[in-house]
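In what follows, chains carry the letters A, B, and so on, assigned in the order in which the sequence lines appear, proteins first and then strands, with residues in each chain numbered from 1. Please read these numbers as outputs of a predicted model, since none were measured by experiment.
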2 protein chains.
Amino acid sequence: MSQTTLPGLALCNNAMLRRATRKLGQFYDDVLAPSGLKATQQGLLYQIHVGNEPTMGAIAAALVMDLSALGHTLKPLIRDGYVETFADPADRRIRRVRLTPQGRTKLEEALKLWQVAQQRFEEMFGKEQAASLRAALDEIAALNFDAPPAAT
Amino acid sequence: MSQTTLPGLALCNNAMLRRATRKLGQFYDDVLAPSGLKATQQGLLYQIHVGNEPTMGAIAAALVMDLSALGHTLKPLIRDGYVETFADPADRRIRRVRLTPQGRTKLEEALKLWQVAQQRFEEMFGKEQAASLRAALDEIAALNFDAPPAAT
DNA sequence: ATGAATTATTGGCATATGCCACTATTTTAA
DNA sequence: TTAAAATAGTGGCATATGCCAATAATTCAT
């Protein structure tokens with residue numbers, strides 16, 4: 001029956017999503033702890049890594065994250081020397097982001113731990129189920145709430 | 001194909017969960033905005049409402065939330081007069097929480113908006129799919145990562 | 001009964017995220 | 001070309017969350 005003693009809460013898609021995110025986040029964070037990175041930071045480093053010196057805006061869009069929030073989140077990573085930003089010579093409004101050599105090293109280190117967390121979770125939750133969950137979550141991230149409600 | 005242009009990220013259960021949470025959170029927040037409450041606050045008020053003057057610990061457990069985090073989150077709600085805490089006379093270590101009259105009024109107001117968000121989302125995502133998603137999320141919230149990996 | 005564990009919270013510090021106002025650039029329309 | 005409009009970020013302020021170190025109150029072992 002899970003720990004949800006009380007009713008209602010279990011009906012709210014948003015509340016359930018947040019709750020599961022807290023739980024899973026703690027787990028991934030715990031496993032990643034030896035690297036000194038939080039799961040969010042590891043994910044961000046990875047996103048920067050796979051991007052080709054992506055712009056702030058591109059990262060924010062990919063992560064469905066507010067641009068200013070991304071800026072804030074990037075700060076500790078810049079402070080710790082894992083990431084650096086630089087103006088795009090062609091359009092100086094744009095700032096591109098890249099990993100420093102230490103950032104690449106740290107990411108490699110963290111990825112090993114990430115695999116442990118990822119595997120452990122999928123072992124418990126089910127690999128198939130995890131895959132369909134991710135598909136559903138991807139759908140949600142792609143929803144366009146601005147479009148007018150489907151005309152009946 | 002959703003906005004995930006780059007690979008990898010889509011494989012991390014935790015990252016996908018966070019991303020979807022950001023997206024859905026923004027939507028519910030937007031719809032709830034007229035009430036002056038964030039979706040997290042509405043959910044918290046609701047949880048307090050359905051509980052029987054629940055203790056901080058009970059709420060934190062139900063929401064799979066750190067006790068201190070709950071304390072922090074409760075502050076603006078107390079400050080705004082929606083919630084109040086009081087020591088349990090039987091065990092004074094324990095603090096119980098309840099809604100104030102204004103809190104109850106505000107919750108009613110917010111619930112109407114919540115229904116709009118909830119319905120709109122389920123209309124777009126699918127009512128069935130939302131139900132199975134919530135079930136999956138409930139499973140995750142109930143996982144016990146401390147238990148040793150299943151012995152082969 | 002008493003001091004040693006245990007339990008329930010709070011406070012301080014740090015990251016995660018969002019909104020809004022403001023700045024810097026670039027693009028567009030006259 | 002020059003001012004208005006659009007684009008990309010930054011900074012300030014506020015909530016969301018977590019960890020760890022107190023603090024307060026209760027329970028327990030001797």
side-chain contact (heavy atoms from CB on, under 4.5 Å) filter on T100(B), not counting sequence neighbours, yields E84(B), Q102(B)

List for me each residue that meets side-chain contact (heavy atoms from CB on, under 4.5 Å) alongside Q118(B), sequence neighbours excluded, and say none if there are none.
C12(A), N13(A), Y28(B), W114(B), E122(B), R134(B)

Which is the 5'-most and which the 3'-most nucleotide of DNA chain C that has an atom under 4.0 Å from a heavy atom of chain B?
dT6(C) to dC19(C)

The criterion is side-chain contact (heavy atoms from CB on, under 4.5 Å); which residues satisfy it with D66(A), sequence neighbours excluded?
S68(A), A69(A)

Given DNA chain C, 5'-ward residue of the pair D30(B) and D88(A), judged by closest heavy atom
D30(B)

If you restrict it to nitrogen or oxygen atoms, what contacts under 3.5 Å exist between nucleotides 2-4 of chain D and the protein, and what is each distance?
none

Of D80(B) and L70(B), the one whose closest DNA chain D nucleotide lies more 5':
D80(B)

Assign each of P89(A) and R79(A) to its nearest nucleotide of DNA chain C by heavy atoms, then name whichever residue's nucleotide is nearer the 5' end.
R79(A)

Can you tell me which residue pairs pass the salt bridge (charged side-chain N to carboxylate O under 4.0 Å, His left out) test with a partner in residues 45-65 of chain A, sequence neighbours excluded?
E53(A)-R98(A)

side-chain hydrogen bond (donor to acceptor under 3.5 Å, both in side chains) against D88(A), all qualifying residues, sequence neighbours excluded:
R96(A)

Side chains of Q47(B) and L63(B), heavy atoms from C-beta outward: is any pair under 4.5 Å?
yes

CG on N14(B) to CD on Q26(A), rounded to 0.5 Å:
11.0 Å

Test: salt bridge (charged side-chain N to carboxylate O under 4.0 Å, His left out). Region: residues 25-51 of chain B. Which pairs qualify, not counting sequence neighbours?
none

Could you check whether the rings of F121(A) and F125(A) sit parallel, tilted or perpendicular, using 30° and 60° as the cut-offs?
parallel

Would you mind reporting whether L17(A) and L17(B) have side-chain heavy atoms less than 4.5 Å apart?
yes

Contact list please: residues 97-106 of chain A against DNA chain C, heavy atoms, distance less than 4.0 Å, in numerical order.
none

Any salt bridge (charged side-chain N to carboxylate O under 4.0 Å, His left out) involving residues 104-118 of chain A? Give me the pairs, sequence neighbours left out, ordered by first then second residue.
K106(A)-E109(A)

Check side-chain contact (heavy atoms from CB on, under 4.5 Å) between A87(B) and all other residues, then give those that pass, not counting sequence neighbours.
none

Answer yes if the side chains of T85(B) and R95(B) hold a donor-acceptor pair under 3.5 Å, and no otherwise.
yes

Phosphate OP1/OP2 of dT26(D) contacted by R92(B) side-chain N/O (<4.0 Å):
yes

Hey, what are the protein-to-nucleotides 9-11 of chain D N/O distances that come in under 3.5 Å?
{"unit_1": "dG9(D)", "atom_1": "OP1", "unit_2": "M56(A)", "atom_2": "N", "d": "3.4"}
{"unit_1": "dG9(D)", "atom_1": "OP1", "unit_2": "R95(A)", "atom_2": "N", "d": "2.8"}
{"unit_1": "dG9(D)", "atom_1": "OP1", "unit_2": "R95(A)", "atom_2": "O", "d": "3.0"}
{"unit_1": "dG9(D)", "atom_1": "OP2", "unit_2": "G57(A)", "atom_2": "N", "d": "2.8"}

